[in-house]
Every structure is written in C-alpha cells, then in structure tokens.
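Below is one structure; the comments refer to it alone.
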Amino acid sequence: MKKKLKLSNKFIPVNTPKIFRQEKLNVMDCLKSGWISSQGKYVDLFEKKFSKYNNRLYGVAVCNGTAALEIALKSLNLKKNDEVIIPSFTIISSILCIIKLGLKPILVDSDLNNWNMSVEQTIEKINTKTKAIIITHIYGYPVEMNKILKIAKKKKIKIIEDAAEMIGQNYMGKKCGSFGDLSTFSFYANKHITTGEGGMVLTNNKRLYIKLRSLRNLCFGVGDNRFNHDDIGYNYRLTNIQSAIGCGQLKNIKWIIKKKLYVGNMYYNLLKSNKNIIIQKPQNKYSKNIYWVFGLLLKKHNKRYVMKKLLDHGIETRSFFKPMHMQTIIKKLNILEKNKYPISENLYNKGFYLPSGLGTTRNQIYKIVKTLNKILV
Ligand SMILES: Cc1ncc(COP(=O)(O)O)c(C=O)c1O
C-alpha cells in the first residue's frame, strides 16, 4: 500500500543550503587556531582541492563570484574599449566588471533550447575588436562551447568560463570550469558548494595565477617592498574560516550532485505532462542536466500572478534574471549596440525557478507541484 504523504504547511524557501559535520569541525579548528582572516592552512587547501577537482593547476580564492569575474577580466590586461562578449541573460556581475574596466560589453541573445547564450550569435559578434568572451553557463546545461573555443583559439580571443552555476557539471566528458584561459565560480549559499559568500578563479597559466593573487590582495609588493603597490588591486580575500567551510563542502560534492539530480529529476517527472509550462529535459546531446535550480517558463499565465499565488501557499520562488539591456543603469549609460534580444526578454517575462536547494525534501516537492498544478488551470 502506498504511504500517505503528509504535506507540511511550513514556508518553503527557494533555497536551503546543506551544512555537513565536516564544515563544523573545520570551522572549530580554525577558531581554535586563531587563524581567522585570510591567512591559514584552509585557504591554500581549498584552492588546491577545488582546482584539482576541476582539473586545473591553480586556484585563487576570493570573497565572491563577482570579485572572481572582476580580477579574472582585469588579469587579461585589455585596453580601453576592447570588446568583451557576454550573454544579455545573466547576473549583472559580468557587465559590471566590463564597464568598471573601461571595456565595451557586447551582448548576445539566449538560445531557446537551453537558455544559455546563443553560440551562433556569439560567433557572429566576433570581430577584430573582440578581445574576450565570458562564456556563462546558466541554470542546468553548459553552453555548447566547442565552436566558440575553436574560433577563440584561432583569433587569440581570451575565454573566461563563468561556471558559477555549474560546479560538478561536465561538458563532453570534462569538467565545466576547466575550459578557456580562466574560469570563475561562486560559493554563495545557493551554489552547489557554499562558503557563505565566496568565489574562486581557476587557471592553468602561471603568469595569470601570480597576477590574480596580487590583484585579490591590493597588489602588495614583496619583501622590503611590501607597502609598494604596482597596480590597482582589490581586497577580495576569502577568509580561512570560509575556506574551511569550502573544504568540508567539497568533501561532500558527490552527495550534493546526487541530491541536485534527485530534486531536478523528481520535478521533471512530476511536471513533464503539464501543458502550461516549458521545462528543460534531463539530458541533451552534450550533457546531463544537473539542475543548479529547477526553472520553468509559463506559456500563458502571468508570472507575477503565479509567483504571488505560490507565495500565498508558503512557497518561495525566484524570478529569472532581468536581461542586461533592460537594466535601468545600463540603459542610462547608453553603451550598448542598438539590438534586440527577444529570447532573453521572453525568459525574463515568463521564467522563474522553484525551491531547488539541497535542503528541499520529497514532501516539499510534492506540495509545490500539487500547488502549481492547481494554480495553472
Ligand atoms: C552565472 C553567475 N555568475 C556570477 C555570479 C556572482 O556570484 P556572487 O553572487 O558570488 O558574486 C552569479 C551569482 O549568482 C552567477 O549566477
């Protein structure tokens, strides 16, 4: 006989992180040692372990994923007005670092099939002024990067792979975050592994590695020259305590990916027959979807109405990104090409994601799906 499910009335947050025993032990170790700022064994250890996990030689831990993008781009030493291609549909961090460095952002629209930046448009936008592309993986699937990587190599265009949402994901048998000149990650509480706030830049290039370490630490000099600074740096250091949490999380990465797959596949199976929404499949030609979050697009219902109704039932959701060309500040700056990005606008107008954190339970998913199906009549 089927067990009757007890559906709780409690609030279901869009994300609940999972903290394991190892993190608590590591943090206590840190506190006892007194090494609580950015010096101490856990920073090095986290960088080594995380770069090894992603098949990269070097890691530079920083205080968040935005900082990771900023020092990654700065380390490439591009010139004023050099063009950097990014998707319109992403977090604002990418365009901000381009603007702050005096570079020119070139936007591309999204791909309807996987919600990532369009590969065709990215290639079309490449010209002699293009000096870097930030390949940004969004939500569940990696960007189908092969063609972009080949052209970039031929034309000596630098690649930063923004793998903030893709920890543990593979693309053609290799880890996302192991492609391109540099890759960046975020360890915010909703990411696959978290340090509370945190981020990292990975590379195989020793020269870039040395520059990144300097940039994250105010470009301090060495030895007698410690208080001489030879470039504009940042204090973007990650603390030993945060790194200690990261080491603990990384130990549990297999469980984390398994849980993400469990949550994503359960939503998929329960929602695949709902004719009022579009959801991503568990697999495409290139990769398995490991579901950073479980997103959906509404076909005819109003997004705000549906999200509000879910909230009335104690279910928190999160809107998809608002594309960069629609941002007040970006419009005010008037720095973009006069193009249209209809697919990213549609993603924003119709898309949101359901609670998909590591703490999301089976019973919560049943409740969420049941409520959503009722709203979407
Ligand atoms: C694709 C992507 N890049 C960068 C970031 C920025 O990371 P952080 O919030 O740690 O600054 C995020 C954050 O969600 C992200 O989703």
Side-chain angles (χ1 to χ4, degrees), residues 13-15 17 46 50 54 59-74 84-101 105 107-108 110-111 114-117 122 132-143 145 159-169 171 176-177 179-180 182-202 215-216 234-239 242-243 245-246 249 260 289-295 317-324 327 344 347-348 351-353 356-358:
V14 74
N15 176 62
F46 187 38
F50 192 71
N54 287 290
V60 178
V62 288
C63 53
N64 56 59
T66 304
L69 277 167
E70 201 160 328
I71 63 165
L73 193 59
K74 167 116 184 174
V84 182
I85 300 176
I86 54 165
S88 187
F89 184 69
T90 184
I91 189 136
I92 195 148
S93 313
S94 317
I95 201 164
L96 287 186
C97 69
I98 296 171
I99 295 168
K100 286 186 201 169
L101 290 169
L107 301 186
V108 295
S110 306
D111 181 326
N114 52 36
W115 307 344
N116 279 317
M117 64 201 293
T122 304
I133 302 172
I134 303 182
I135 296 182
T136 312
H137 308 294
I138 297 287
Y139 302 154
Y141 283 120
V143 177
M145 301 179 269
I159 297 285
I160 298 174
E161 197 195 348
D162 182 351
E165 301 177 5
M166 288 290 140
I167 298 169
Q169 172 68 288
Y171 173 68
C176 283
F179 295 87
L182 298 144
S183 44
T184 59
F185 297 83
S186 161
F187 306 125
Y188 185 67
N190 63 1
K191 299 302 187 297
H192 292 87
I193 69 167
T194 186
T195 57
E197 296 282 352
M200 203 174 301
V201 189
L202 301 183
L215 285 171
R216 100 169 141 191
Y234 313 83
N235 177 353
Y236 283 168
R237 301 182 296 253
L238 189 74
T239 67
Q242 290 168 306
S243 304
I245 298 174
Q249 289 264 299
K260 281 282 175 197
N289 193 339
I290 66 163
Y291 299 103
W292 171 52
V293 291
F294 193 88
T317 54
R318 178 81 27 96
S319 165
F320 276 9
F321 293 124
K322 185 169 189 177
M324 292 310 105
Q327 297 289 338
S344 52
L347 290 174
Y348 171 63
F352 65 91
Y353 60 85
S356 338
L358 294 168

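For the single chain, residues carry numbers from 1 onward in sequence order. Order of listing sets the numbers, starting from 1, for every ligand and every atom in it.
For OH of Tyr234, the number of neighbouring non-hydrogen atoms (other residues, nucleotides, ligands) closer than 6.0 Å is greater than 12.
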Inset, instruction - Apply the test side-chain hydrogen bond (donor to acceptor under 3.5 Å, both in side chains) to residues Glu161 and His137: give CA-CA distance (whole Å), side-chain angles for both, the deciding distance (0.1 Å), then the verdict. - result: CA-CA 8 Å; Glu161 197 195 348; His137 308 294; 2.7 Å; yes
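Close approach of ligand 1 to Ser93 is summarised as follows: ligand atoms under 4.0 Å from at least one heavy atom of the residue are 6 (C). Using a 4.0 Å cut-off to heavy atoms of Thr66, the atoms of ligand 1 that qualify are 6 (C), 7 (O), 8 (P), 11 (O). Close approach of ligand 1 to Gly65 is summarised as follows: ligand atoms under 4.0 Å from at least one heavy atom of the residue are 6 (C), 7 (O), 8 (P), 10 (O), 11 (O). Contact atoms of ligand 1 toward Asn64: 10 (O), 11 (O) (distance under 4.0 Å to a heavy atom of the residue).
Looking at Gln169, its side chain does come within 3.5 Å of a backbone N or O of Gly140 through a donor-acceptor pair. Listed for the Ser356 side chain is no donor-acceptor partner under 3.5 Å among the backbone atoms of Val293. In this structure, the side chain of Asn116 engages the main chain of Pro142 through a donor-acceptor pair within 3.5 Å.
Of the N or O atoms in Lys191, one or more lie within a sub-3.5 Å distance of an N or O in ligand 1. The distance criterion of under 3.5 Å between nitrogen or oxygen atoms is met by Ser186 with respect to ligand 1. Between Tyr188 and ligand 1, no pair of N/O atoms sits closer than 3.5 Å. At under 3.5 Å, not a single nitrogen or oxygen of Glu197, backbone or side chain, sits near a nitrogen or oxygen of ligand 1.
Under the 30°/60° scheme for interplanar angles, the aromatic rings of Phe187 and Phe185 are found to lie parallel.
Note that the CG atom of Leu69 and the CG atom of Asp162 stand 4.5 Å from one another [nearest 0.5 Å].
Remark: minimum distance from atom 16 (O) of ligand 1 to any protein heavy atom is reached at Glu165 OE2, 2.6 Å. Of all protein heavy atoms, the one closest to atom 3 (N) of ligand 1 is Asp162 OD2, 2.7 Å. What sits closest to atom 5 (C) of ligand 1 on the protein, heavy atoms only, is Ile91 CG2, 3.7 Å.
Considering Phe320, Phe89, Trp292 in turn, Phe320 is the only one that fulfils the ring pair (Phe, Tyr, Trp, His ring centres under 6.0 Å) rule with Trp115.
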